[in-house]
Amino acid sequence: MTASDKPIYVTQPALPPLEEFTEYLRQIWDNKIITNNGPFHKQLEKELCDYLGVEHISLFANGTLALVTALQALRISGEVITSPYSFVATSHSLWWNNITPVFVDVEPGFCNLDPEKIESAITPQTTAIMPIHVYGNPCNVEEIQRIAETYNLRVIYDAAHVFGVRLNGTSILNFGDMSILSFHATKVYNTFEGGAIVCNDAQTKRHIDDLKNFGFRGETTVVAPGINAKMNEVQAAMGLLQLKYIDDNLERRRIITETYRGVLKDIPGVRFLDDVQGVRHCYPYFPIFIDEQTYGLSRDDLYAALKSNNIHGRRYFYPLISDFPAYRGLPSAGQDNLPVATKLSEQVVCLPIYPDLQLDRVKEIARLIEKQAKA
Ligand code: T4K
């Protein structure tokens with residue numbers, strides 16, 4: 001194996017043919033509507049509902065503003081139970097709403113919030129649970145719902161990784177009070193930047209739509225101190241065009257995932273995540289977990305070895321959110337409270353995966369990992 005001439009990054013955005021996109025731009029130039037619930041925005045909300053199998057969707061400029069707004073729409077306050085094993089935006093959305101995150105450990109299998117540990121973290125201040133479907137694998141939605149109903153809590157899913165994912169034929173976005181999507185460049189479906197809230201009824205959607213437009217309802221009424229979080233027409237046009245290619249892109253991701261698995265399955269000390277029965281996956285990441293003793297090399301040494309071969313994996317999610325300065329002083333942030341998440345974050349490397357990644361490159365990356373293992 002020789003080092004790649006060209007760097008291979010953990011991801012690369014899927015982009016449709018430029019000439020098809022310029023057609024959409026021409027229409028925007030012609031009608032001069034570039035934002036504020038324009039025609040492409042309306043059309044994309046409808047088409048996404050159809051594609052995803054949900055009733056109500058509200059588009060956003062990015063996923064983080066969607067998270068912040070979802071919490072406002074539900075008037076969440078006090079403490080919210082969440083996972084430290086996520087991208088910082090999850091907890092930041094709580095911080096921006098003056099809510100205290102209460103970190104609960106994850107389960108070792110799929111890195112999602114461990115339902116068995118939620119109840120002991122509930123206090124009189126707890127108002128909601130904010131789990132994340134990490135790496136596109138569904139949380140234990142039934143158990144989380146049971147706990148939420150028992151303690152009268154809201155459930156807001158950070159669904160940034162689960163575009164198109166279905167559980168037993170139903171969109172995973174239909175669970176909980178709201179689900180938040182990200183359409184960032186690094187996600188399986190991108191609108192350059194972008195995001196969305198999926199909710200369960202028309203009245204809630206209307207409130208969310210007010211909140212993302214300064215709180216305006218109509219020309220002269222402001223119903224709440226909303227923010228400007230609207231998706232613009234160029235983003236929405238991109239979203240419409242991307243829908244044409246999404247199924248092909250998801251299939252490419254599935255094939256790449258299978259190719260990695262085919263080589264890595266025989267390497268002691270390297271664990272990867274399998275498909276879950278009854279789930280239609282979207283394969284957003286390909287994380288592997290290194291058992292240093294068995295593999296013979298630490299996760300960081302492997303990460304460095306890949307890098308020196310021009311293969312730029314990423315350690316999502318290391319450090320844990322609870323280890324960042326804004327959160328590490330919280331009572332729930334200690335590593336003794338989060339042993340599973342701590343271990344996973346020290347073992348993980350996400351390998352490159354994106355539709356244009358060639359299968360011979362995938363095999364080379366997997367074989368390089370094989371070669372690094374202690375003989
Ligand atoms: N919740 C969860 C669970 C999330 O994972 C995220 C986002 C959010 C919420 C928030 O949603 P948004 O507000 O972002 O919509 C990236 C992304 O910036 C972030 O969106 C994502 N999660 C997170 C997991 O990853 P970085 O700092 O690792 O990104 P960056 O810029 O280093 O990109 C990674 C690689 O991708 C680069 O090395 C090269 C490639 N790349 C990246 C961009 C932006 C490209 O080839 N082209 C590009 O335009 O955070």
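No hydrogens, no waters, no symmetry mates; every other heavy atom, side chains included, goes into these values. All ligand and atom numbering here is 1-based and tracks the order in the structure.
Nearest protein neighbour of atom 40 (C) of ligand 1, counting heavy atoms only, is Thr11 O, 3.2 Å. Regarding atom 48 (C) of ligand 1, its nearest protein heavy-atom neighbour is Ala185 CB, 4.1 Å. Among all non-hydrogen protein atoms, the one lying nearest atom 35 (C) of ligand 1 is Val10 CG1, 3.9 Å. What sits closest to atom 5 (O) of ligand 1 on the protein, heavy atoms only, is His161 NE2, 2.9 Å.
Interface atoms of ligand 1 facing Ser86, defined by a heavy-atom separation under 4.0 Å, are 3 (C). The atoms of ligand 1 that sit less than 4.0 Å from any heavy atom of Pro13 are 45 (C), 46 (O), 47 (N). The Tyr285 neighbourhood of ligand 1 comprises atoms 24 (C), with distances under 4.0 Å to a heavy atom of that residue. Applying the 4.0 Å criterion to heavy atoms of Ala89 picks out, from ligand 1, the atoms 8 (C), 9 (C), 10 (C). Listed by atom number, the atoms of ligand 1 under 4.0 Å from Gly194 heavy atoms are 15 (O).
Contacts of Thr186 with ligand 1, taken as heavy-atom pairs under 4.0 Å, involve the side chain alone. At a 4.0 Å heavy-atom cut-off, ligand 1 does not touch His312 at all. Proximity of Tyr85 to ligand 1, defined as any heavy-atom pair under 4.0 Å, is not found for any part of the residue. The side chain of Asp158, and not its backbone, has at least one atom closer than 4.0 Å to an atom of ligand 1 (non-hydrogen atoms only; side chain from C-beta on). Residue-level proximity to ligand 1 for Arg314 is carried by the side chain, the only part with a heavy atom below 4.0 angstrom.
Heavy-atom proximity to atom 14 (O) of ligand 1, evaluated over Lys187, His184, His92, is greatest for His184. When Asn62, Thr64, Ile8, Asn190 are checked for heavy-atom proximity to atom 13 (O) of ligand 1, Thr64 turns out nearest. In this structure, of Phe87, Tyr9, Phe60, Tyr316, the residue bringing a heavy atom nearest to atom 29 (O) of ligand 1 is Tyr316.
Taking the six-membered ring for Trp, His92 and Tyr327 have ring centres closer than 6.0 Å. The aromatic ring centroids of Tyr157 and Phe175 lie 6.0 Å or more from each other.
Ligand 1 has an N or O atom lying under 3.5 Å from an N or O atom of Ser182, backbone or side chain. Note: an N/O pair closer than 3.5 Å links Gly63 and ligand 1 by distance alone.
Here Ile227 is tied into one hydrophobic group with Phe60, Leu65, Leu67, Leu71, Leu74, Ile76, Val80, Leu94, Ile99, Met130, Ile156, Met178, Ile180, Ile197, Ile208, each link being a pair of ILVMFWY side chains closer than 4.5 Å.
No donor-acceptor distance shorter than 3.5 angstrom exists from the side chain of Tyr260 to the backbone of Phe272, with no hydrogens or angles considered. With hydrogens and angles disregarded, no donor-acceptor distance shorter than 3.5 Å links the side chain of Glu370 to the backbone of Leu264. Checked by atom type and distance alone, the side chain of Asp105 never pairs as donor or acceptor with a backbone atom of Lys117 at under 3.5 Å.
Relative ring orientation between His161 and Phe317 is described as parallel, the plane-to-plane angle staying below 30° on a 0-90° scale split at 30° and 60°. Note: His281 and Tyr283 have tilted aromatic rings, judged against thresholds of 30 and 60 degrees for the angle between ring planes. The aromatic rings of Phe163 and Tyr189 sit parallel to each other, their planes meeting at less than 30°, with 60° as the upper class boundary.
In this structure, Arg253 forms no cation-pi arrangement with Tyr354, as its terminal cationic atom is not both closer than 6.0 Å to the ring centre and no more than 45° off the ring axis.
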For side-chain contact (heavy atoms from CB on, under 4.5 Å), just list the numbers for Asn228 and Asn213, CA-CA rounded to whole Å, side-chain angles, deciding distance to a tenth of an Å, and then say yes or no.
CA-CA 5 Å; Asn228 181 0; Asn213 185 30; 5.7 Å; no
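Checked for salt-bridge contact, Glu364 and Arg367 miss the test: no charged N lies under 4.0 Å from a carboxylate O.
In this structure, atom 25 (O) of ligand 1 is in close contact with the protein, since a protein heavy atom lies within 4.0 Å of it.
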